[in-house]
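Side chains are part of it too, since the values below use all heavy atoms of this structure and drop only hydrogens, waters and symmetry mates.
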Amino acid sequence: MSHLKTLLLCALCLCMAQGRCEALLSFRFSNIDIFNIFGGGGNEFGQRSGRTSATDRPVLENDVDPNIVEDSFLDTYGLIHKYGYPAEKHTVDTPDGYILTVHRIARPGATPVLLVHGLLDSSATWVIMGPNKGLAYLLYDQGYDVWMANVRGNTYSRHHKKYSTSHGKFWDFTFHEMGKYDIPATIDYVLSTTNVTKLHYIGHSQGTVVFWIMGSERPEYMDKIILMQALAPVAFLKHCESPVVNFLSTFQDPMSLLLKLIGVHEFLPKNEFITMFNQIICDETTLTKEICSNVIFLTTGFDKSQLNETMLPVIVGHDPAGASTKQMQHFGQLKRSGAFRQFDYGWLRNQWRYDSITPPAYKLENVKAKVALYYSKNDWLAAPADVETLYRKLPNVVSKYLVDYSRFNHLDFIWAVDARELLWERVFHAMRKHERKTEE
């Protein structure tokens with residue numbers, strides 16, 4: 001492994017020093033073969049930054065459906081409004097000064113459900129597949145009042161009372177602060193606006209991480225949850241196969257090199273970083289180079305059979321939606337330690353912050369809300385063995401379901417062509433079942 005580190009670091013240094021690697025490298029990283037790694041801006045891949053903005057949209061071919069083109073540019077509110085659903089946009093302030101946007105498909109008087117997106121994602125993820133396919137629309141059609149959160153740092157939550165996004169202090173957060181501040185503030189806002197005492201919670205990927213953290217650090221919020229349904233639940237990453245997370249785990253030193261590759265404050269991967277990983281999931285049968293150059297696919301993988309090729313322009317128009325470098329480092333730390341714990345600042349700063357040389361583990365025993373876990377065999381981030389570890393540590397798991405499709409992967413939980421048949425009907429049934437129990 002030491003020889004591998006040396007080889008990769010030398011290659012990356014060469015790429016960054018010269019702007020282009022002339023040598024062809026072939027080696028093995030983790031359990032995946034990586035071939036043909038080139039650097040520099042001349043490569044056809046890796047031209048996109050880590051965050052999608054209004055000026056950073058995919059170039060669309062002339063024969064693409066005009067609706068698809070329009071949807072790739074519309075924001076979450078615009079998408080909901082376009083398809084005739086009652087769209088609302090709300091603002092939530094956190095105790096530490098962040099200003100979050102929450103989107104709503106309003107059904108006043110109905111039971112509220114809060115949808116919390118995953119890593120590098122936003123509220124748009126629940127609607128970009130359109131009516132009859134997007135989970136937010138389907139939940140509204142099932143009779144729910146649908147709320148969609150946006151955590152700090154993503155496309156819709158890039159404001160602070162004191163700092164701008166150009167200030168390093170704005171980006172001084174991980175998913176810890178999201179679970180401690182963002183989600184509780186959002187829940188309080190939804191409950192206050194709807195005048196009810198409990199809501200449903202559905203989280204995907206990082207949207208489950210922040211729930212476990214809320215339960216650990218703010219256990220009183222567990223009484224405000226009817227049922228938490230965890231799609232691709234993440235906590236422990238010991239068996240994680242994501243090449244990006246594994247890289248961040250392995251190559252935390254030298255830190256200066258890592259930060260040059262992924263961004264000093266905001267997670268904005270450079271071409272060299274993107275190019276390192278596009279060969280892992282891309283081959284001659286890959287649908288489009290947009291997959292190869294989009295960091296969200298490079299982090300989670302994709303399932304060709306369940307990915308709607310037609311909707312790719314919309315996906316890459318909205319994702320990735322932004323994250324902090326520190327947030328991504330935290331995921332790497334979880335992989336490296338094998339534990340679910342707070343950010344590791346190094347033994348000296350840990351002692352000052354935590355009164356311990358190691359970060360404290362999150363208290364999963366405090367997550368006393370009812371929890372349903374949904375996982376799959378082909379998930380790079382939420383490996384079945386790690387979900388099993390989480391299951392054993394949570395005190396109130398009411399169901400654990402392995403999706404009955406062997407190739408179902410991390411993004412299929414939100415975008416799969418057959419997600420409703422394979423998963424979501426079960427989610428709807430669980431919601432109705434536990435609502436009845438709450439009323440009894």
Side-chain angles (χ1 to χ4, degrees), residues 1-2 4-6 8-9 30 94-96 98 119 151-153 168-184 206 208-220 233-240 242 244-267 323-368 381-383 385-395:
M1 180 61 73
S2 61
L4 172 58
K5 289 182 181 179
T6 301
L8 182 54
L9 288 173
S30 185
T94 71
D96 57 344
Y98 287 84
L119 177 63
V151 297
R152 62 186 65 193
K169 288 291 290 183
F170 178 93
W171 298 102
D172 187 19
F173 62 80
T174 79
F175 42 78
H176 175 82
E177 287 77 15
M178 298 171 188
K180 189 174 181 179
Y181 301 120
D182 295 6
I183 303 307
Q206 182 183 261
T208 70
V209 176
V210 296
F211 187 90
W212 318 136
I213 293 171
M214 179 177 69
S216 170
E217 307 303 303
R218 309 284 296 276
E220 66 274 17
V234 174
F236 301 94
L237 293 173
K238 182 178 180 180
H239 299 92
C240 168
S242 166
V244 172
V245 172
N246 289 353
F247 174 84
L248 294 173
S249 167
T250 305
F251 294 98
Q252 300 227 359
D253 298 313
M255 188 56 66
S256 59
L257 175 60
L258 179 63
L259 295 182
K260 286 180 181 178
L261 283 170
I262 67 175
V264 176
H265 301 300
E266 183 176 7
F267 181 62
S324 75
T325 295
K326 186 177 179 182
Q327 177 183 343
M328 300 301 292
Q329 288 177 270
H330 199 172
F331 276 107
Q333 290 180 1
L334 297 188
K335 167 65 178 179
R336 191 171 191 172
S337 69
F340 184 46
R341 64 187 192 181
Q342 296 188 37
F343 191 84
D344 190 345
Y345 292 93
W347 69 269
L348 189 59
R349 291 181 66 191
N350 286 345
Q351 184 66 43
W352 177 70
R353 294 180 68 99
Y354 306 130
D355 198 26
S356 168
I357 62 172
T358 58
Y362 289 113
K363 300 178 285 291
L364 288 171
E365 65 272 15
N366 288 351
V367 184
K368 295 182 179 179
L381 283 178
D386 292 329
V387 174
E388 187 64 31
T389 300
L390 174 64
Y391 168 69
R392 292 196 300 267
K393 291 183 178 292
L394 290 172

query = Does a side-chain heavy-atom distance below 4.5 Å link Val209 with His330?
reply = no

message = Test your reading of the model: is there a side-chain donor-acceptor pair from Asp386 to the backbone of His239, 3.5 Å cut-off?
response = yes

query = Is Thr325 reaching over with its side chain to a backbone N or O of Glu266, donor-acceptor style, under 3.5 angstrom?
reply = yes

message = Among residues at least two apart in sequence or on other chains, which ones pass salt bridge (Lys or Arg N to Asp or Glu O under 4.0 Å) with Arg353?
response = none

inquiry  = Taking the side chain as everything from C-beta on, heavy atoms only, tell me whether Asn246 gets closer than 4.5 Å to Lys335.
reply    = yes

key: Test log, rule side-chain contact (heavy atoms from CB on, under 4.5 Å), inputs Thr94 and Arg152   = CA-CA 9 Å; Thr94 71; Arg152 62 186 65 193; 3.9 Å; yes

ask   = What's the shortest heavy-atom distance between Leu381 and Ser242, and which atoms?
value = CD2-CB, 3.7 Å

ask   = What distance do Arg336 atom CZ and Leu237 atom CG have between them, rounded to the nearest 0.5 Å?
value = 14.0 Å

query = Nearest heavy-atom pair of Pro184 and Lys180: which atoms, and what distance?
reply = CG-O, 3.4 Å

Contacts of type salt bridge (Lys or Arg N to Asp or Glu O under 4.0 Å), residue Glu365, not counting sequence neighbours = none

remark   = Shortest non-hydrogen pair, Ser249 vs Gly332, comes out as CB-O, 3.3 Å

query = Can you tell me how far the CD atom of Gln329 sits from the CZ atom of Phe267, to the nearest 0.5 Å?
reply = 10.5 Å

query = What is the distance from atom OH of Tyr98 to atom CE of Met178, rounded to the nearest 0.5 Å?
reply = 9.0 Å

key: Non-hydrogen atoms of Pro233 and Ala382 that approach each other most closely   = O-CB, 3.2 Å

inquiry  = Does the plane of the ring in His176 sit parallel, tilted or perpendicular to the ring in Tyr362? Use 30° and 60° as the thresholds.
reply    = parallel

message = Looking at Asn350 and Ser356, would you say the former's side chain and the latter's main chain have a donor-acceptor pair under 3.5 Å?
response = no

query = Nearest 0.5 Å, what's the CG-CE distance between Asn366 and Met214?
reply = 12.0 Å

ask   = Does OH in Tyr354 sit with more than 12 non-hydrogen atoms of other residues, nucleotides or ligands closer than 6.0 Å?
value = yes

inquiry  = Is there a side-chain contact (heavy atoms from CB on, under 4.5 Å) between Trp171 and Lys326? Walk through the geometry before answering.
reply    = CA-CA 8 Å; Trp171 298 102; Lys326 186 177 179 182; over 6 Å; no

task = Identify, with sequence neighbours excluded, every residue that meets salt bridge (Lys or Arg N to Asp or Glu O under 4.0 Å) alongside Lys363.
result = Glu217

ask   = Side chains of Phe340 and Leu334: closer than 4.5 Å at any heavy-atom pair?
value = yes

Nearest non-hydrogen partners of Leu390 and Ala235, listed with the distance = CD1-CB, 3.9 Å

ask   = Between atom NE2 of His265 and atom CG of Asp172, what is the distance when rounded to the nearest 0.5 Å?
value = 9.0 Å

remark   = Value for CG (Leu364) from CH2 (Trp212), rounded to nearest 0.5 Å, stands at 8.0 Å

query = Do Phe331 and Leu248 come close enough that some side-chain heavy atom pair is under 4.5 Å?
reply = no

request  = Begin from the C-alpha positions of Phe175 and Leu119 and carry the test side-chain contact (heavy atoms from CB on, under 4.5 Å) through to its verdict.
outcome  = CA-CA 9 Å; Phe175 42 78; Leu119 177 63; over 6 Å; no

query = Taking C-beta and beyond as the side chain, do Val151 and Ile183 meet within less than 4.5 Å on heavy atoms?
reply = yes

